[in-house]
Amino acid sequence: MDRLNPTGQASAAELAAWDHRHLWHPFTQQDEWEADGPPLIIERASGVTLIDVHGRSYLDGIASLWTNVHGHSHPRLIAAVQDQLQQVAHSTLLGCANRPSITLAHRLVEVVACIPGDSPPLTRVFYSDSGSTAVEVALKMALQAQQQWGQIRRTRFAALSQAYHGDTVGSVSVGGIDLFHGIYRPLLFDAVRVPAPDRADPVQEAACLAEAEALFAAHGPTLAALIVEPRVQGAAGMRMHSATYLRRLHQLCQNEGVLFIADEVATGFGRTGALFAMESVGLRPDLLCLAKGLSGGLLPLAATLATEGVFDAFRGPPGSQRTFFHGHTFTGNALGCAAALASLDLFEDEAVLAGLPPKIAALTDALAGLPDAWVAERRQLGLMAAVPLRHDRGPEARIGHRICMAARDHGVLLRPLGDSLVFMPPLAMAPAQIRQLGEAAAAAMIEVLGGS
Ligand SMILES: *Cc1c(COP(=O)(O)O)cnc(C)c1O
C-alpha cells in the first residue's frame, strides 16, 4: 500500500503516478493525457495565478474553466465561506430552509432586475449544483408548466445549432455539437434545431431567421420552449449573434406561446461586459439558467430563475400532481450561497463592471498580437474570446492542444476548444496580465506552427 511521505502529504511524483493510475479526467482522451507526461497538478492559488506542486506559477487564462470572477483565494470570499462553515455547511431545502439560500434568492431577484424588458420579471429561484442541472430544471419546468396550462401538445424543445447546454441527458438533447453529442443520440430526445449564425452578420442572420420562422410555423404548437445561449455560443467556439437576432427569436416565441429560456451559465456575471448578456438584448426571458460564475467560481452552485407566471402553474392543492418533482440533495447548499452573496457584494464594492473596459481593450490587444498567419478569426465579446486557428495539419495533429501545452512554459494556463484558442480570464485579471496571456499564446503558436 502507498503511504504518505513524512510531511504527511503525497509527493509530486506520487500524485502524478496516482493520477495516471486512478483519476478519470473529464472531456479527456486518457491515452493522450498519459502520453503528455506528468500532469500539471495545482496546489494553491493567489489572485489570478495558479501555483503547482513544484511551486511554478501560471496565469489562469481560462478562469478555471470559465468560473472564476474575483481571482482565487479572495480574502472576502474566504471569510464569507469560513463564517458560514462555522454556522452550518449544509442543510436541506426539502422541508426546511436556511439563511443564505433565502438571502441569495432575494438578492438574485434584485440583481436580475437589471435585465430590461416588457415581459414579467424573474421572481423565483430554484437551486441546483451545475450548469447542466440548471438547464435540466429549466427544461422540466417549461414542459410541466405548459402541460399544467393545458398546452398538452407542447412537449418538444427548440434549440440553436451548435448549442452547448451541459452534459446530462436532457441538456445534451438540446445541445447541438455532434463531436460531444453524437454517440449519445439513442438516449436523447429530439429537438427542433434553429440555425444560428457563426458571427453577428446580418446576411447570415436573416437566412437563419427565415428558417426559424418556417420551423416555428411547422412546429410552434408542439414547442414548450426555446433555449439559447444569449449573444455567445461559448463551447461552440464563441459563435456570436446580434441582439436583433435574439429579439426576433423572442418575438417568434411570444407569438407562438413558446417559453424563452436564456442559458447564461457562461455569459452571466460580467463575462460579456454587462452583468448579464440579456441586458444588451433588452428582453426578459421566462427562465434564466445561472451557474459557473454564480458563486464567484468557488463552489458548485447553480440557479434557475422563473417568472411568477411559470411558478404559478405549479400551484395546487396538497397531493395534486402539480408539484415540481425535482430536487438534488445539495440544493441550496449554504456554503455555495454564502460564496455567491459575497461575490455579489464584491461586484458592488469593487465596482467590477466599471473596471472592465480597459481589460476588454487589453484582450482585444492580446488577440491582435497573435501571428496573423495562423489566425482564421478573432472572436470577442467582453472578456470572452476565441481564436480559431488556420493551418493545414488536420484535427489529429491536435494543434490547439499543443499550443496550450507550449503556453505553460511561458507561465500561462490555457485550454482550447478543438483548434480554437480560448481566452477567458477572471474578471479580476489586470490589463497587463491579459496582454501577457496574448504574448504567451503568440510565442506558443510560433513554437508549434513556425514563423516569427
Ligand atoms: C458550462 C456550460 C454549461 C454546463 O455547466 P456545468 O456546470 O459544466 O454542468 C451549460 N451551459 C453553458 C452555456 C455552459 O457554458
Side-chain angles (χ1 to χ4, degrees), residues 24-28 62-69 126-142 157 159-177 179-181 184 188 191 194 196 225-241 246 260-272 276-278 281 285 287-305 326 328 330-331 333 336 339-340 343 379 381-386 415-418 420 422-427:
W24 190 338
H25 288 266
F27 277 98
T28 299
I62 48 160
S64 292
L65 221 65
W66 312 6
T67 61
N68 193 274
V69 178
F126 191 99
Y127 292 111
S128 61
D129 317 317
S130 74
S132 304
T133 57
V135 168
E136 295 285 336
V137 165
L139 297 175
K140 287 175 72 178
M141 275 179 181
F157 292 91
L160 301 188
S161 55
Q162 301 296 309
Y164 177 79
H165 297 291
D167 297 333
T168 53
V169 171
S171 58
V172 172
S173 295
V174 286
I177 301 180
L179 173 66
F180 302 164
H181 299 158
Y184 305 111
L188 308 180
V194 173
L226 165 75
I227 183 165
V228 301
E229 296 161 82
R231 300 297 310 278
V232 189
Q233 295 187 286
M238 312 299 163
R239 288 161 56 100
M240 305 203 185
H241 48 255
L246 277 190
F260 187 97
I261 305 171
D263 174 357
E264 291 230 33
V265 169
T267 52
F269 301 101
R271 209 17 90 186
T272 64
F276 299 104
M278 290 304 286
V281 185
L287 292 155
L288 173 68
C289 304
L290 303 174
K292 291 198 170 97
L294 170 58
S295 68
L298 265 76
L299 288 160
L301 180 72
T304 306
L305 279 75
H326 191 109
H328 301 281
F330 280 98
T331 286
N333 176 261
S343 170
R379 300 175 176 174
L381 185 67
L383 285 181
M384 293 180 93
R415 179 174 168 86
L417 283 163
S420 274
V422 172
F423 299 87
M424 284 279 244
L427 305 191

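Atoms within each ligand, like the ligands themselves, are counted from 1 in listed order. Quick caveat, the model's predicted, so the values are computed rather than measured.
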Could you check [atom] against the protein and tell me its nearest heavy-atom contact, residue, atom and distance included?
atom                   : value
atom 1 (C) of ligand 1 : Lys292 NZ, 1.5 Å
atom 5 (O) of ligand 1 : Gly131 CA, 3.1 Å
atom 8 (O) of ligand 1 : Ser132 OG, 4.5 Å

Checklist outcome for this item: d(Met141 CE, Ile261 CD1) to nearest 0.5 Å is 10.0 Å
Checklist entry - For His328 and Asp129, what are the C-alpha separation, side-chain angles and deciding distance, and is it a side-chain hydrogen bond (donor to acceptor under 3.5 Å, both in side chains)? => result CA-CA 8 Å; His328 301 281; Asp129 317 317; 4.6 Å; no
Checklist entry - For Ser171 and Thr168, does a side-chain donor sit closer than 3.5 Å to a side-chain acceptor? => result yes
Do [X] and [Y] come close enough that some side-chain heavy atom pair is under 4.5 Å?
X      : Y      : answer
His241 : Leu160 : yes
Val169 : Tyr184 : no
Val228 : Phe260 : yes
Met424 : Met384 : yes

Next on the checklist: Heavy-atom distances under 4.0 Å decide this one: backbone, side chain, both or neither, for Glu229 against ligand 1?
Outcome noted: side chain
Checklist entry - So is Gly166 polar-close to ligand 1, meaning N/O to N/O under 3.5 Å? => result no
Next on the checklist: Can you confirm, on distance only, whether ligand 1 has an N/O atom lying under 3.5 Å from any N/O atom belonging to Asp263?
Outcome noted: yes
Please list, in number order, the atoms of ligand 1 under 4.0 Å from a heavy atom of [X].
X      : result
Ala266 : 15 (O)
His165 : 10 (C), 11 (N)
Ser130 : 7 (O), 9 (O)

